[in-house]
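Some notes on the structure that comes next.
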Amino acid sequence: MSWTLLELRYPGPLVSWSAKAVAGAADRARGVIRPAFSAAFASLADAARAALEEEIALRRPFLWLPVASGAGVLLYFVADREPSLAFSAAGLAILAALAVLLRAHRAGALLLLLVCLSGGFFAAVWRAARVDAPIVSRAGVGFLTGFVEELDPRPNGARFILRLASAEGLPNDVAPFRVRLTTRGETKFSAGDFIALKARVLPPAHAALPGGYDFSRDAYFAGLGGVGNALGRIDIMPAPDPAPMSLRFFAAVDRLRNALAARVYRALGGDTGAIAAAMVTGKRDFLSEEAKELIRRAGIFHIITISGVQMTLVAGIFFVGLRRLLALSRTLALNYPIKKWAAGVAIIGAVLYDIGTGSRVGTERALIMTTIMLIAVLFDRPSLSMRNLALAVFFIVAFQPEALLGASFQLEGEAYSYNIINEL
């Protein structure tokens with residue numbers, strides 16, 4: 001006889017018996033599960049309390065603050081709409097005031113984490129507001145004038161960044177702040193020149209795959225409102241207004257970089273010369289397409305990118321070299337802080353190297369971390385410590401929060417695992 005037929009024939013007693021059986025089984029299960037769950041929860045709470053006490057004893061809670069600020073940056077980038085700058089600033093101010101008022105209370109530590117979280121969020125909103133500039137919506141051809149900020153010569157032309165003074169004919173009459181263009185043939189202009197040209201401009205490309213590299217995001221934070229190529233002749237014209245001082249300075253640096261890169265490339269020739277030029281000046285466009293593809297497949301493209309490894313080597317050469325040179329004098333070595341002198345010179349050398357290689361985002365992050373380490377030497381603090389790394393993260397979150405989404409941000413600490421500055 002089936003269970004359904006039993007229910008129909010004997011509804012009352014069977015239902016009553018089933019309810020009692022289920023209730024008894026539930027009570028027995030409850031009696032077993034509750035003590036086990038309580039014991040597991042108590043054990044987990046004890047482990048968490050012990051871990052927290054250990055972190056406090058080792059003075060490591062500070063290292064979680066940059067993690068919280070980075071989480072605030074990520075919250076901004078996952079938001080489905082642009083947050084309000086005023087509301088984010090107000091939230092940060094309220095949380096900071098509460099953290100100050102309740103700093104002696106148990107809730108003070110939690111409020112400090114929330115302040116860092118809110119601070120990272122506000123830094124991202126503020127950064128987006130600072131760099132906000134028009135972006136072309138679709139491909140179009142226009143007549144552009146502006147200053148050449150940077151020029152990267154290639155074997156068959158050049159790629160350059162143009163800060164626009166005027167733009168006519170682009171879709172919806174949009175005038176981006178700057179555009180990146182390519183041209184073929186011989187280039188008769190250089191960084192700092194005011195030029196006029198006709199160009200085809202497209203919006204920066206979005207990520208081809210979900211979670212892949214998003215050039216449009218990097219272009220937005222770099223102020224690039226479009227990319228494309230020059231059409232026809234490029235004329236050098238007198239500038240209607242003088243170029244800003246910063247533009248003139250970095251244009252002069254770019255001209256020196258191009259001259260040095262061309263000299264290294266001519267001296268060595270081929271891809272060997274192109275790699276040497278990239279290592280010295282950061283100019284990578286002398287590389288052939290075959291060499292670029294080979295380096296990409298090998299996964300070592302970061303080696304020819306000026307970042308942590310090169311910055312650490314340069315700072316180490318200045319620091320170690322000068323300190324050993326000064327140590328040759330017994331009078332200087334025994335009576336003067338030659339270690340601090342060497343650290344100060346290494347800071348200056350690292351800054352000059354950053355400027356001389358174009359001061360790109362990866363180089364700037366490496367400079368920040370190297371400078372913090374060397375400043376620690378000046379103040380007799382441990383230089384190779386996680387606190388210095390945390391301070392560098394704070395600096396990056398405050399001024400370049402978009403860098404957290406780049407792979408180079410996670411790889412930047414690789415260079416600092418090389419203990420080449422053993423005297424530190």
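- With hydrogens and angles disregarded, no donor-acceptor distance shorter than 3.5 Å links the side chain of D132 to the backbone of A128.
- Here the closest non-hydrogen pair linking A276 and L268 is CB-CD1, 3.5 Å.
- No side-chain heavy atom of F87 sits under 4.5 Å from any side-chain heavy atom of L85.
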Full working for side chain to side chain contact (heavy atoms under 4.5 Å, CB included) between L404 and V397: CA-CA 8 Å; L404 269 67; V397 167; 4.0 Å; yes
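- Using a 30° and 60° split on the angle between ring planes, W126 and F122 fall in the parallel class, below 30°.
- Considering only residues two or more places apart in sequence or on other chains, R180 meets the side chain to side chain donor-acceptor pair (under 3.5 Å) condition with none of them.
- When atom types are taken as modelled, the side chain of S118 and the backbone of L114 share no donor-acceptor pair closer than 3.5 angstrom.
- In K198, the NZ atom is not crowded: 12 or fewer heavy atoms of neighbouring residues, nucleotides or ligands sit closer than 6.0 Å.
- Between W341 and R323, the closest side-chain pair of non-hydrogen atoms is not below 4.5 Å.
- Under the 4.5 Å side-chain criterion, counting only non-hydrogen atoms from C-beta, V351 is in contact with I355.
- Within the structure, the side-chain hydrogen bond (donor to acceptor under 3.5 Å, both in side chains) test picks out the following pairs touching residues 269-280 (sequence neighbours left out): D271-S288.
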Residues F177, R163; criterion side chain to side chain contact (heavy atoms under 4.5 Å, CB included); working and verdict: CA-CA 6 Å; F177 179 66; R163 182 185 294 191; 3.8 Å; yes
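- Using a 4.5 Å heavy-atom threshold, the side chains of L162 and L144 count as touching.
- I338 approaches A333 most closely through the heavy-atom pair CD1-CA, 4.0 Å.
- Distance check, rounded to the nearest 0.5 Å: CD1 of I295 to CG of L287 gives 5.0 Å.
- The shortest heavy-atom contact between R257 and G282 is NH2-C, 3.9 Å.
- If you check the side chains of S137 and N172, you find a donor sitting under 3.5 Å from an acceptor.
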From CA spacing to verdict: side chain to side chain contact (heavy atoms under 4.5 Å, CB included), L92, V115: CA-CA 6 Å; L92 175 60; V115 167; 4.2 Å; yes
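- With hydrogens and angles ignored, the 3.5 Å screen pairs a side-chain donor or acceptor of D254 with a backbone N or O of L151.
- The distance between the ring centers of F189 and F160 falls below 6.0 angstrom.
- Comment: D193 does not engage K188 in a salt bridge, judged by the lack of any side-chain N to carboxylate O separation of less than 4.0 angstrom.
- Remark: R138 pairs with no residue by the salt bridge (Lys or Arg N to Asp or Glu O under 4.0 Å) rule, at least two apart or across chains.
- Considering every non-hydrogen atom in both A196 and T145, the closest pair reads CB-CG2, 3.7 Å.
- Residues R217 and E402 are not paired through a salt bridge, judged by the lack of any N-O separation under 4.0 Å between the basic side chain and the carboxylate.
- Among pairs with a residue in residues 66-92, those fulfilling side-chain hydrogen bond (donor to acceptor under 3.5 Å, both in side chains) read Y76-E82, at least two apart in sequence or across chains.
- Scored by the side chain to side chain contact (heavy atoms under 4.5 Å, CB included) test, S216 finds P204, H206, D214 as partners (sequence neighbours excluded).
- Side-chain atoms of T357 come within 3.5 Å of backbone atoms of D354 as a donor-acceptor pair (strictly under, hydrogens ignored).
- Counting non-hydrogen atoms of other residues, nucleotides and ligands closer than 6.0 Å to CZ of F147 gives a total above 12.
- Here CE of M311 is found 12.0 Å from CE of M369. Values are rounded to the nearest 0.5 Å.
- Atoms CZ and CG, from R381 and L378 in turn, are 13.5 Å apart once rounded to the nearest 0.5 Å.
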Report all side-chain donor-acceptor pairs from residues 224-253 shorter than 3.5 Å, counting only partners two or more places apart or in another chain.
residue: R233; atom: NE; partner: D235; partner atom: OD1; Å: 2.9
residue: R248; atom: NH1; partner: A243; partner atom: O; Å: 2.3

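- Expressed to the nearest 0.5 Å, how far CG of L65 lies from CG of L391 amounts to 10.5 Å.
- Look at R284 and D152 and you find no salt bridge, because none of the NZ, NE, NH1 or NH2 atoms lies under 4.0 Å from a carboxylate O.
- A heavy-atom distance below 4.5 Å is found between the side chains of Q310 and Y353.
- At least one side-chain heavy atom of R127 sits less than 4.5 Å from a side-chain heavy atom of R130.
- The structure places CD of Q400 at 11.0 Å from CZ of F221, a figure rounded to the nearest 0.5 Å.
- When all heavy atoms are compared, the tightest approach of L181 to A199 is CD1-CB, 4.0 Å.
- Looking at heavy atoms from C-beta onward, P176 lies in side-chain contact with L170 at the 4.5 angstrom threshold.
- Across all their heavy atoms, F121 and P83 have their closest contact at CZ-CG, 3.4 Å.
- Between R178 and L164 the shortest side-chain heavy-atom distance does not fall below 4.5 Å.
- Between the CD1 atom of I348 and the CG atom of L374 there is a distance of 11.0 Å, given to the nearest 0.5 Å.
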Steps toward side chain to side chain contact (heavy atoms under 4.5 Å, CB included) verdict (D285, K292): CA-CA 9 Å; D285 289 307; K292 289 181 180 179; 4.0 Å; yes
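- For F77, the CZ atom counts as densely surrounded, since its 6.0 Å shell holds more than 12 non-hydrogen atoms of other residues, nucleotides or ligands.
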